[in-house]
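Computed from a prediction, not measured in an experiment: that's the story for all the values here. Chain A is the first sequence line, chain B the second, and so forth, proteins listed ahead of strands; every chain is numbered from 1.
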Amino acid sequence: GNSVTQMEGPVTLSEEAFLTINCTYTATGYPSLFWYVQYPGEGLQLLLKATKADDKGSNKGFEATYRKETTSFHLEKGSVQVSDSAVYFCALSETSGSARQLTFGSGTQLTVLP
Amino acid sequence: DTEVTQTPKHLVMGMTNKKSLKCEQHMGHRAMYWYKQKAKKPPELMFVYSYEKLSINESVPSRFSPECPNSSLLNLHLHALQPEDSALYLCASSQERAGVVQYFGPGTRLLVL
């Protein structure tokens, strides 16, 4: 079956620090990969996505590259802000068949201090 | 427009009450989803509707009853819930094919007393 393993949190950084949140996956095929962000008291928002190997997703200064050889999709940001404090979920979705499930990682709580 | 709306935002109910959660999208998506999320955990899939028909039920207790009256609306009817059902209930929608983005609503925070 599919699975997503995500870096354990919580992660606490100072403003303008570099962020990496590790994500690796196991999948039977060639999944689409996503990072979702959940701000306190809100639903999940799509942060970025990649649909095939070597694709780089990017949004709001965040980036992640789909690495098939290492089955990874690590999230990075060069300079975090206080407003980036949230929970980040890595997820995958199969790209064939009738399955519509998202498989989520456990989530990583990020706190950015001023 | 990538908005999914959910009402109510908060709901408190007793174990003998009947209530409903509502979800709406106008993106023309033909797949809609209900998730349950407990604090500090990822969302857990409950139901998937495809073209207004229930396609996946992840062994959810019958006290949760989904309904998809049309392609834009998704309801979750609640009856005789237990305190452990207290959670954030998230609705999502997507195009009806594999591997696509699911767009989430803001959720309904449910407290069962």
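Along residues 52-76 of chain B, the residues that come nearer than 4.5 angstrom to chain A, judged on non-hydrogen atoms, are I56(B), E58(B) in order of number.
Proximity to chain A involves both the backbone and the side chain of V101(B), based on heavy atoms less than 4.5 angstrom apart. Interface residue Q38(A): only side-chain heavy atoms are found under 4.5 Å from chain B. Q6(B) does not touch chain A: none of its heavy atoms, backbone or side chain, sits under 4.5 Å away. For L46(A), the part lying under 4.5 angstrom from a heavy atom of chain B is the side chain only. Contacts between Y30(A) and chain B at a heavy-atom distance below 4.5 Å are absent for every atom of the residue.
Annotation: the span from Q102(B) atom CD to Q101(A) atom CD amounts to 9.0 Å, rounded to 0.5 Å. Residue Y33(B) holds its OH atom at 7.0 Å from CG of L102(A), rounded to the nearest 0.5 Å. Expressed to the nearest 0.5 Å, how far CZ of F89(A) lies from CD of Q37(B) amounts to 5.0 Å.
Surrounding CD of Q82(B) are more than 12 heavy atoms belonging to other residues, nucleotides or ligands, all under 6.0 Å away. For K40(B), the NZ atom is loosely surrounded, since the number of other residues' heavy atoms within 6.0 Å does not exceed 12.
Contact count versus chain B (heavy atoms, under 4.5 Å) is highest, among E94(A), Q6(A), Q45(A), Q109(A), for E94(A).
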